[in-house]
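Please read the structure below before turning to the comments.
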Amino acid sequence: MSLSRRNKPTSWGAALRRDFYKRDTPSVARDLVGKILLHRTRAGAAGGRIVEVEAYLGRMDPASHAYSGLTPRNSPMFGTPGKAYVYFTYGMHYCVNVVTEPEGIPGAILIRALEPLFGIPLMQRRRRTQRIQDLARGPARLTQALGISLKQNEADLTSGALFITDNGEQVPSLVVSGRIGIRKACELPLRFYLPDNPFVSRPGR
DNA sequence: GCTAGGATGCTCT
DNA sequence: GAGCATCCTAGCC
């Protein structure tokens, strides 16, 4: 039975601890798939199961914001693991990452897609669509559905309104592919997603 | 169904 | 000033 058909839990589980994030980025990325991302706001809580992520490394990854070294924008990538790195792109969209690796070593994981589970009416209002499948399929749609903006940049995911929990679900299998939506180093196998899941943004390459 | 192109403004060189 | 970890819509098949 898929998670989406289970009863809604009466309380959220505990947020993942900092040690979870303080590891090498690809390993954290693999383990993030299947976890639950939630954002509590005054308007209500919204979130769902992470079904697609991409790992971005440090100085050795040409596609990473950290490739050229520390800048004001990418400074969260060099900071405390378990915090959020939110950036603004294409003049209108936000994307949310989780910071990985021990402090001082840049690394982040872009959360690309969620399977909506909680606060669906709220997400439908924010996204101005009724289609569940289109609520959080893609990094910019996801941030819009969850009400994430630059205010959430550097938010602590281990204790706060924006957090990730483990519902104990074991992911049966995972697809590894090249990253999408980028021009550099798109061949590196750093994208992880659930196979045959309708909430994944795009098929792999 | 698919594709091309426009929107929009921050960030870095 | 160029590029960008995107999305939406119109137009076409």
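Each chain gets a letter, A, B and so on, in the order the sequences are listed, and its residues count up from 1.
A straight line from CD of A/Gln144 to C1' of B/dT8 spans 15 Å, rounded to a whole angstrom. One interatomic measurement links the two molecules: CE of A/Met92 to P of C/dC7, which rounds to 11 Å at whole-angstrom precision. B/dC10 atom C1' lies 14 Å from atom CG of A/Asn74, rounded to whole Å. Rounded to whole Å, the distance from CZ on A/Arg141 to P on C/dC7 is 5 Å. Atom P of nucleotide B/dT13 and atom CZ of A/Arg73 are separated by 10 Å, given to the nearest angstrom. Distance OH (A/Tyr85) to C1' (B/dC10): 11 Å, rounded to an integer number of Å. Atoms CG (A/Asn97) and C1' (C/dC4) sit 14 Å apart, rounded to a whole Å. Between A/Leu190 atom CG and C/dA5 atom C1' the separation is 12 Å, expressed in whole Å.
Look at B/dT8: it lacks any Watson-Crick or wobble partner with both distances under 3.5 angstrom. Taking a pair to require two hydrogen-bonding distances under 3.5 Å in either a Watson-Crick or a G-U wobble arrangement, C/dA5 remains unpaired.
Aromatic stacking is marked for A/Tyr56 over C/dA5, as both cut-offs hold: 5.5 Å for the centres and 30° for the planes.
Side-chain proximity of A/Arg127 to the nucleotides C/dC8, C/dC7, C/dA5 is greatest for C/dC8.
A residue-by-residue look at A/Gly138 and A/Gly91 shows that A/Gly91 has its nearest nucleotide of DNA chain C further toward the 5' end.
The aromatic rings of A/His65 and A/Tyr85 lie perpendicular to each other, with more than 60° between the two planes, well past the 30° mark.
Looking at heavy-atom distances under 4.0 Å, A/Ser64 makes no contact with the nucleic acid at all. Within 4.0 Å (heavy atoms only), A/Arg128 reaches no atom of the nucleic acid at all. Backbone-only contact: A/Ala140 has heavy atoms under 4.0 Å from sugar-phosphate atoms and none from a base.
Remark: A/Arg183 is not in phosphate contact with C/dA5, judged by side-chain N or O atoms under 4.0 Å from OP1 or OP2. Listed pair A/His65 / B/dT11 fails the phosphate criterion, with no side-chain N or O lying under 4.0 Å from OP1 or OP2. OP1 or OP2 of C/dT6 has at least one side-chain nitrogen or oxygen of A/Arg112 nearer than 4.0 Å.
Heavy atoms only, all atoms of each residue included: A/Gly58 and A/Ser64 are closest at O-CB, 4.1 Å.
Within the model, atoms NZ of A/Lys35 and CG of A/Asn167 stand 8.0 Å from one another, a figure rounded to the nearest 0.5 Å. Taken from CG in A/Leu114 to CD in A/Glu52, the straight-line distance is 10.0 Å, to the nearest 0.5 Å.
Atom OH of A/Tyr67 sits in a sparse spot, with 12 or fewer heavy atoms from other residues, nucleotides or ligands closer than 6.0 Å.
Residue side chain A/Tyr90 does not reach the base of B/dA7 through any donor-acceptor N/O pair under 3.5 Å, judged by distance alone.
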